[in-house]
Amino acid sequence: MPRGKKLVWSIGELERMLDERRSSLQKLAKQRTKVQKKLAVIDREISRLGGSGGGGGGRVKNSMSLVATLGAVLKGKDSMQVGDIVDAVKSHGYRSNSANFRGIVNQTLIKESQFASAGRGLYRLKK
């Protein structure tokens, strides 16, 4: 607060400001409820058509875990590059909403003990 200026409101002015805010909040809450009802209708229609409702932020269900899918992709292969592994995992039907799926695959290959590095950016199953 700047020096020398003192803000003073009467109780009546403060009550009026609070009433205005309460009124604005009630109007916004009603608007939000209407929009939520419209979104629920749209989500049901998306689900009916086979899409994922909720704006795509939901977690995808896969029949196999990422580790199991990586194992299936690398089985019988000498070694593969991370980009090729990502493509193969997707072609096996694994789905992800991740913006950086390649990074997740790379971290999983590094972290899980059943995979081994075969050089820079190359991975294989441990023997």
Side-chain angles (χ1 to χ4, degrees):
M1 190 163 21
R3 286 186 180 196
K5 288 192 175 186
K6 190 172 182 184
L7 300 177
V8 178
W9 288 292
S10 69
I11 291 177
E13 290 172 319
L14 290 171
E15 286 177 346
R16 183 185 50 76
M17 286 191 281
L18 283 172
D19 287 341
E20 287 174 1
R21 286 209 172 185
R22 286 185 191 117
S23 176
S24 294
L25 282 171
Q26 285 177 340
K27 287 177 187 176
L28 288 172
K30 284 181 184 179
Q31 278 182 315
R32 181 181 59 200
T33 301
K34 286 180 184 180
V35 171
Q36 284 175 331
K37 286 179 183 178
K38 288 180 182 180
L39 279 174
V41 169
I42 292 169
D43 283 343
R44 282 192 298 272
E45 184 66 15
I46 289 171
S47 293
R48 187 184 70 77
L49 295 172
S52 63
R59 186 177 173 128
V60 177
K61 304 269 188 204
N62 289 295
S63 59
M64 290 192 330
S65 69
L66 178 57
V67 174
T69 307
L70 288 168
V73 164
L74 290 170
K75 189 174 186 176
K77 303 273 192 330
D78 187 32
S79 64
M80 290 178 72
Q81 292 183 335
V82 176
D84 295 333
I85 295 171
V86 169
D87 293 339
V89 165
K90 288 181 179 179
S91 69
H92 265 74
Y94 192 89
R95 298 180 310 154
S96 173
N97 289 333
S98 172
N100 187 13
F101 184 57
R102 180 186 172 115
I104 291 172
V105 168
N106 199 41
Q107 286 178 352
T108 304
L109 290 167
I110 292 167
K111 181 180 80 171
E112 295 296 324
S113 61
Q114 65 205 52
F115 308 113
S117 176
R120 185 172 169 89
L122 293 172
Y123 290 91
R124 61 175 173 78
L125 278 175
K126 276 191 178 173
K127 296 179 182 179

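Computed from heavy atoms alone, side chains included, the values below leave out hydrogens, waters and symmetry copies. Along the sequence shown, residues carry numbers from 1.
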Subject >> Joint cluster assignment, L125 & V82, ILVMFWY side-chain distance < 4.5 Å >> reply: yes

**OP:** First locate atom CD1 of I104, then atom CG of N106, and finally report the distance between them rounded to the nearest 0.5 Å.
**Re:** 11.0 Å

Original post:
So how far is it from K27 NZ to Q31 CD, rounded to the nearest 0.5 Å?
Top reply: 9.5 Å

Original post:
Same cluster for V89 and I110 if Ile/Leu/Val/Met/Phe/Trp/Tyr side chains link at under 4.5 Å?
Top reply: yes

Original post:
More than 12 non-hydrogen atoms from neighbouring residues, nucleotides or ligands closer than 6.0 Å to CD on E112, yes or no?
Top reply: yes

Original post:
Can you tell me how far the CD atom of E45 sits from the CG atom of D43, to the nearest 0.5 Å?
Top reply: 11.0 Å

Original post:
Under the side chain to side chain contact (heavy atoms under 4.5 Å, CB included) criterion, do T33 and K30 qualify, and how do the steps go?
Top reply: CA-CA 5 Å; T33 301; K30 284 181 184 179; 5.7 Å; no

Subject >> Which residues share a ring pair (Phe, Tyr, Trp, His ring centres under 6.0 Å) with Y94, sequence neighbours left out >> reply: F101

Subject >> Interatomic spacing from OG in S96 to CZ in R102 - rounded to 0.5 Å >> reply: 14.5 Å

Check residues 63-77 and write down every donor-acceptor pair under 3.5 Å in which the side-chain atom is one partner and the other belongs to a residue at least two apart or another chain.
| residue | atom | partner | partner atom | Å |
| --- | --- | --- | --- | --- |
| S65 | OG | A68 | N | 3.1 |
| T69 | OG1 | S65 | O | 2.8 |

**OP:** Name all residues meeting the salt bridge (Lys or Arg N to Asp or Glu O under 4.0 Å) criterion together with R22; count only those two or more places apart in sequence or in a different chain, and write none if there are none.
**Re:** D19

Subject >> Side-chain heavy-atom pair R21, L18 within 4.5 angstrom cut-off >> reply: no

Original post:
In Å and rounded to the nearest 0.5 Å, what is the CD to CG distance from Q107 to L109?
Top reply: 10.5 Å

Original post:
Counting distance only, does the side-chain N/O of S23 pair as donor-acceptor with the main-chain N or O of E20 below 3.5 Å?
Top reply: no

Original post:
Applying the 4.5 Å side-chain criterion to the ILVMFWY set and letting contacts propagate, would I11 and V8 be lumped into a single cluster?
Top reply: no

Original post:
Can you check whether Y123 reaches S117 side chain to side chain, under 4.5 Å on heavy atoms?
Top reply: yes

**OP:** Please report the closest heavy-atom contact between K61 and R95, naming both atoms and the distance.
**Re:** O-NH2, 3.6 Å

Original post:
Rounded to the nearest 0.5 Å, how far does CZ of R124 lie from CD1 of I85?
Top reply: 12.0 Å

